[in-house]
Amino acid sequence: MIQPAVLIALLATTIKPLGSFMSKVFQGERTFLSPVFVPCENLLYRICGVDRDEEMGWKRYACAMILFNLVLFVALFAMLMLQHLLPLNPQNLPAFTWQPALNTAVSFVTNTNWQAYVGEQAASYFTQMVGLTVHNFVSAATGIAVAIAVIRGFARRTTATLGNFWVDMTRCTLYILVPISLIAALFLVSQGVIQNFSDYKTVALVQPVTYDRPKLDGTGSPVKDASGNPVTESVTAKEVTIPMGPVASQEAIKELGTNGGGFFNANSAHPFENPTPLTNMVEIFLILLIPLSLTYTFGAMVGNTRQGWALLGVMLLILAASFAVLQGVESSGNPLVAKLGVHGGNMEGKETRFGLTGSALFAVATTGTSCGAVNTMHDSLTPLGGMIPLSLILLGELVPGGVGSGLYTMLAFAVIAVFVSGLMIGRTPEYLGKKIEVREMWMSVVTILAAGVMVLILSGIAMISPSAVASMANPGAHGLSEVLYAFASMANNNGSAFAGLTANTDFYNLLGSLAMIVGRYAPAVAVLAMAGSLAEKKYVPPSLGTLPTDKVPFALWLTLVILIVGALTFFPALSLGPIVEHLTITM
């Protein structure tokens, strides 16, 4: 239990300072980094023709965000299609075909980083750095910029503007993401994460290794026998190719920006990405740092830091409970293995250098946020253990959620909680001095349900589509969990996978792209519309009938609302997947 205690201590010492720093940055106040970055900021504005003092209404802010992301998508798509002609490709990797190129470009623009390809076998150094790493910065900055605009909607009174998207993006990248990523990358290099442009190294094994692997057909799908079981083939390896590359620079921002993905297919389980228990703890810290700190930024910008602490308490309560359950069920082990007389924790799919606790902490951190980086194969978790990361994603990733997206999703839930409580006591609901009316409620509902509706619809389509069913390596309840997890991960912009599912097919590439687009932009536009409406409202002073939203009772009520909405939406699907599987193996 030392590991979670150390993690909590690190976060407790950094949330307030970083949250306060971010509030100053986005309010244009002077910080200790201003002498370094103000000249850079002004130069960028002059080059791009941006007037830093020009404010935008919510529609213009949303349009700027969407157009900027569209340009980024086109640039990355072209880069993937032309990869074979671009520099820094020592392995002469071919270009992507259009379906995986489309899926990958959508994935990184939307902060999802879903990877239907093997990184070290498909992406060149140029693609990894200029394409994927750059998008890790700008997609993270996009989410934070939207969250800051929403905060201004609550903080401002009788105005039609929410700030300037270009200024928010620039300040977020320059003052927050780049400095922390630089420090984190240097630390990771010091611990053994590689950073080079070397050719891949081929070395002989000390002794040959023979193993069985799934046999694939010409399309890359698993071959199955007449009974529907996967066909395997025996392979003897005498040498191994060790991938190289500029890993540390991508690893730092992929964790800090809750992007996820991985330079290598094994992701953060790979020793070149996450070599030691110390780097494992630091990477978990980076994943949680900005989403949790933004709660203090929210409190500081609305003029009541207790509001931010209340939201932080809700996030930590659900996150801690999730970790406790996951740690407990994985420590209890697999019932089927126990029947064979082998007792102990379930270490299948986990790295021994991290252990159960380091693996469970990483799993809840990466799915409680929209990170998606993994140091554990979630497919190998026990059924109830696998249900925890799946449930965290399905809740909408708001404990603490992705950078920016977690906070504005939590605020949408807060609006709904205030509205319901207002109905219960017969008063017009108010939140932070703003009356919550029909428009705000509609936008909140869209924010929290858009991704979930996509998950259920697309998972249902997959279950009746022969090509989608053929991609499942496991039948029954576990196979359903794999499909449900895949669409939950894409629609909620997480990017992690349950494994066992061949996702590089036309079906998952195309429908997955749709899920990622809707899951990213429908909530973002809806919450900006809500912020625009709130910014135009007059301030209503609190009265005796005003519900205090910075107290423990409201935090508990908000927690209950989140869990009820999640259960009503997804419990039937979870019942058919991990819960049925758990009952099957324990009978």
Side-chain angles (χ1 to χ4, degrees), residues 96-97 99-100 103-104 114-122 209-237 265-267 269 334-337 339-340 346 348-349 374 376-383 385-387 390 455-490 496-513 515 573-587:
F96 282 54
T97 57
Q99 295 97 331
N103 185 272
T104 302
W114 171 268
Q115 294 174 293
Y117 60 91
V118 177
E120 61 266 41
Q121 297 177 13
V209 176
T210 301
Y211 61 95
D212 292 334
R213 68 181 181 188
K215 188 174 182 179
L216 305 178
D217 60 20
T219 64
S221 300
V223 176
K224 298 182 180 181
D225 59 21
S227 302
N229 299 314
V231 176
T232 61
E233 56 184 356
S234 180
V235 178
T236 299
N265 192 46
N267 212 294
N334 190 318
L336 293 179
V337 177
K339 291 178 182 179
L340 301 176
N346 175 34
E348 181 188 347
V374 295
T376 299
M377 296 303 103
H378 295 177
D379 192 50
S380 296
L381 297 172
T382 60
M387 188 173 71
L390 174 57
V455 172
L456 296 177
I457 292 175
L458 296 180
S459 296
I461 294 174
M463 290 297 96
I464 60 174
S465 300
S467 61
V469 173
S471 295
M472 297 163 55
N474 298 282
H478 194 81
L480 174 61
S481 296
E482 293 170 351
V483 174
L484 184 65
Y485 193 105
F487 281 116
S489 179
M490 288 185 278
S496 63
F498 217 53
L501 183 71
T502 303
N504 193 11
T505 64
D506 291 350
F507 180 88
Y508 286 105
N509 280 330
L510 298 178
L511 267 70
S513 298
L574 294 174
S575 297
L576 295 173
I579 294 177
V580 165
E581 186 182 4
H582 171 74
L583 294 175
T584 301
I585 67 174
T586 54
M587 290 176 63

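Being a predicted model, the structure only gives us computed values, none of them experimental.
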Original post:
Where do V223 and L216 land on the side chain to side chain contact (heavy atoms under 4.5 Å, CB included) test, with the steps shown first?
Top reply: CA-CA 5 Å; V223 176; L216 305 178; 5.6 Å; no
Original post:
Would I461 and I457 satisfy side chain to side chain contact (heavy atoms under 4.5 Å, CB included), going step by step from the backbone distance to the final call?
Top reply: CA-CA 6 Å; I461 294 174; I457 292 175; 4.0 Å; yes
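A573 pairs by the side chain to side chain contact (heavy atoms under 4.5 Å, CB included) definition with L456, L484, not counting sequence neighbours. Residues forming a side-chain hydrogen bond (donor to acceptor under 3.5 Å, both in side chains) with N346 (at least two apart in sequence, or on another chain): E330. Applying the side-chain hydrogen bond (donor to acceptor under 3.5 Å, both in side chains) criterion to T104, with sequence neighbours excluded, gives no partner residue. Applying the side chain to side chain contact (heavy atoms under 4.5 Å, CB included) criterion to L576, with sequence neighbours excluded, gives L480. Legend: residues meeting ring pair (Phe, Tyr, Trp, His ring centres under 6.0 Å) with Y117, ordered by chain and number and at least two apart, are F96. When the side chain to side chain contact (heavy atoms under 4.5 Å, CB included) test is applied to T505, the partners found at least two apart in sequence or on another chain are S471, T502, F507, Y508. In this view, T376 and S359 satisfy the side-chain hydrogen bond (donor to acceptor under 3.5 Å, both in side chains) rule, not counting sequence neighbours. A226 meets the side chain to side chain contact (heavy atoms under 4.5 Å, CB included) test with no other residue; sequence neighbours excluded. Applying the side-chain hydrogen bond (donor to acceptor under 3.5 Å, both in side chains) criterion to T236, with sequence neighbours excluded, gives T210.
In terms of heavy-atom proximity, A477 sits nearest to G577 at CB-O, 3.4 Å. Here the closest non-hydrogen pair linking M472 and L501 is CG-CD1, 3.9 Å. The shortest non-hydrogen separation linking A116 to N504 is O-CB, 3.1 Å. Here the shortest heavy-atom pairing between A462 and V483 reads CB-CG1, 3.7 Å.
Using modelled atom types, one finds a donor on one side chain and an acceptor on the other under 3.5 Å when comparing N474 with E482.
Inter-residue side-chain proximity for P230 and P214 is flagged as unmet; no heavy-atom pair is nearer than 4.5 Å. Side-chain atoms of D379 and Y485, non-hydrogen and from C-beta on, never get closer than 4.5 Å to each other. Contact annotation: the side chain of P100 approaches that of T97 to within less than 4.5 Å [non-hydrogen atoms, C-beta and beyond].
Pairs passing the salt bridge (charged side-chain N to carboxylate O under 4.0 Å, His left out) check and including a residue from residues 209-230, sequence neighbours excluded, read R213-E233. Listed by first then second residue, pairs satisfying side-chain hydrogen bond (donor to acceptor under 3.5 Å, both in side chains) with a partner in residues 458-469 number zero, not counting sequence neighbours. Sorted by first and then second residue, the side-chain hydrogen bond (donor to acceptor under 3.5 Å, both in side chains) pairs involving residues 576-587 (not counting sequence neighbours) are H478-E581.
A donor-acceptor contact shorter than 3.5 Å links the side chain of S513 to the backbone of N509. In terms of modelled atom types and a separation under 3.5 Å, the side chain of N267 and the main chain of A269 share no donor-acceptor contact. Judged by distance alone, the side chain of N265 and the main-chain N or O of V118 form no donor-acceptor pair under 3.5 Å.
Here the CH2-OG distance, from W114 to S496, works out to 7.5 Å after rounding to the nearest 0.5 Å.
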